[in-house]
Structures are given as structure tokens and as C-alpha cells.
Number of protein chains: 2
Amino acid sequence: MTPFEAIAEPSRRAILDLLREGEQPAGSIVSAVGMSQPGVSKQLKLLREAGLVSMRADGQRRLYRLEPGGLADLEAWLLPYRRFWARRLTALDDHLEREQ
Amino acid sequence: MTPFEAIAEPSRRAILDLLREGEQPAGSIVSAVGMSQPGVSKQLKLLREAGLVSMRADGQRRLYRLEPGGLADLEAWLLPYRRFWARRLTALDDHLEREQ
DNA sequence: GAGTTATATTTCTTTTGCGCTATATAATTG
DNA sequence: CAATTATATAGCGCAAAAGAAATATAACTC
């Protein structure tokens, strides 16, 4: 699963948002998002496959956290769009200036 | 369809990437991405519903272009993650400095 | 107005993905 | 070691989405 597909699903975005607060055991995530335990477990697996989160074992618990750089591909894809819009705004500014 | 879902599909990202070169008639998009004409038409409709592109008629042709700000929601969602990682890097820097 | 071009819509089949329940695994406690 | 807790996996039903073919619509040309 690509990061693009991973963030398409609201429940996965909710999990990621939650993990911004810091590392959390799977159980806390289940409590936070209103979803069944197996459902959360499945989404966590997909998020791991997408490289957006990582896991470590702590006894019987599994601690999940955001993977730094997991959204790098997404950021990289977005970059030229930011440039595109910046150019458009510049062009608009120029246009408005010429009209004055 | 949300922008998050819209960019999940590779063919739709290809269309968006293509439109960064400027406004294009539907036919050019069909030629560029290797997909059937109805398929492209369907994806263009979804991209419009997501607010990522807009269309104007020019005779019998339909000209599509990127909608500025269409990815704003996505950018807004990403913002706190950039802050999150910036903090992490700062914390790492601090740590390394203390070790010196 | 008949034929042609450009695009959209409909319809169908197939695949994918979500969320659930039930079950398995693995660590912990008594 | 039996019972409990934490998490993962398997299997299922269903809804959504993708891709293709066929058809419709609308504009243009002669």
C-alpha cells in the first residue's frame, strides 16, 4: 500500500493524527477510534506496509509510532503543485499591477 | 470524493501531473495516459467532484485545468506532521549537542 | 441535414477494500 | 499450568471502485 492510498481512508488518518501525540499501544488506539480491535489491527498493518508507522514490542503490548519521513513521497509529489500555484499567484499579481 | 481519495489512484495523479503543464482538452489527456476515453472521462468527473480540476467548454472540446487550492485540505492536514517532524529533528539536534 | 469528431453517460464484470465475527497466538498472572 | 489480557490473523459479506464496451449527446463540417 502506497502512502497515497494509506491516507485516503478516514480511519487511517485518524490513527495517524492520534499518533502525533506520541507512541501508543494498539489498545489505546482501539479505544480512541471507534472501531473493532481487529479492524484497528488491520489498518495498523496497512499503515506499517505503507511505511507511515512503525511498531515495537513491549511485553504483550505493541507500541506504534509515526515513522518520520513516511510522508516524504507525498510531500515530494506535492512540491511541484506548490510551485505551480505560486507561479499562478505571481502571474495574478503581475496582472493586477498592470491594471492599476 | 475527497482530495485524499482522489489522489490515491495513480491514473488520477497522472492526470493532475499532466495538467501542471497547463490547460488541456480531454482528448490530449486520453492520449497521454494509457486509458480508454470513457475511463479518462470518468476520472475527470471524479477529479472535478473533488475540486481538484475545473472544466470549461471550447466548442466541442472540454478544456481541463488544475483548480488552484484544490489540494489545500491535503496541505492543511499535512501541516502538523511537518511540525511534528521538525520538532523531532530539533530534539535530535539538542540531544547530539548535549553529547558533544 | 448527413456524416464526423469530441466527449459524456450507461451498463456490465471484476476486483478491491472495509468492517465485522470468530479464532489463533503470545505474553502475563495467579 | 489454567485463566486472563493484548494483539494478530482468517474468513465472510457487502459496498465501492475500476476498466471496458456500447451508446448517447453535442458541436462542427461539408
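Worth knowing before you read on, the calculation uses all heavy atoms, side chains too, and leaves out hydrogens, waters and symmetry mates. Computed from a prediction, not measured in an experiment: that's the story for all the values here. Below, read A as the first sequence line, B as the second, and so on, with proteins coming before strands; counting in each chain starts at 1.
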| query | Is A/Leu46 touching bases, backbone alone, or none of the nucleic acid, heavy atoms closer than 4.0 Å? | reply | sugar-phosphate
| task | Not counting sequence neighbours, which residues clear side chain to side chain contact (heavy atoms under 4.5 Å, CB included) with B/Glu23? List them please. | result | B/Arg56, B/Leu63, B/Arg65
| A/Glu75: salt bridge (Lys or Arg N to Asp or Glu O under 4.0 Å) partners, not counting sequence neighbours | A/Arg82, B/Arg82
| message | Students should find this one: the first and last nucleotides of DNA chain C, 5' to 3', lying under 4.0 Å from a heavy atom of chain B. What are they? | response | C/dT5 to C/dT9
| Nearest non-hydrogen partners of B/Met1 and B/Glu5, listed with the distance | CA-OE1, 3.6 Å
| By salt bridge (Lys or Arg N to Asp or Glu O under 4.0 Å), which residues pair with A/Arg61, not counting sequence neighbours? | A/Asp58
| task | Can you sort out the partners of B/Arg20 under salt bridge (Lys or Arg N to Asp or Glu O under 4.0 Å), two or more places apart, ordered by chain and number? | result | B/Asp17
Using distance only, find each side-chain donor-acceptor pair of residues 42-52 of chain A under 3.5 Å and give its atom names and separation, not counting sequence neighbours.
from, atom 1, to, atom 2, distance (Å)
A/Gln43, OE1, A/Arg12, NH1, 2.8
A/Arg48, NH2, A/Tyr64, OH, 3.4

| note | When the rotation axes relating C1' atoms of four end pairs to the next four are compared across the helix from C/dG1-D/dC30 to C/dG30-D/dC1, five pairs an end, they differ to 10° by 10°
| What is the per-nucleotide protein-contact pattern of nucleotides 19-30 of chain D, from the 5' end, where B denotes a base atom under 4.0 Å from a protein heavy atom, S denotes such proximity for sugar-phosphate atoms only, and - denotes neither? | BBBB----BS--
| Interatomic distance where CD belongs to A/Gln24 and C1' belongs to D/dT7 [whole Å] | 16 Å
| query | In chain order, what residues pass the salt bridge (Lys or Arg N to Asp or Glu O under 4.0 Å) check against A/Arg62, with sequence neighbours excluded? | reply | none
| message | Test of understanding: with side chain to side chain contact (heavy atoms under 4.5 Å, CB included), list the residues that count as partners of B/Ser36, not counting sequence neighbours. | response | B/Pro38
| task | Using ring pair (Phe, Tyr, Trp, His ring centres under 6.0 Å) as the criterion, list what pairs up with A/Phe84, not counting sequence neighbours. | result | none
| said: Going by side chain to side chain contact (heavy atoms under 4.5 Å, CB included), name the residues that satisfy it together with B/Pro68, two or more places apart in sequence or in a different chain. | reply: A/Trp85, A/Arg88
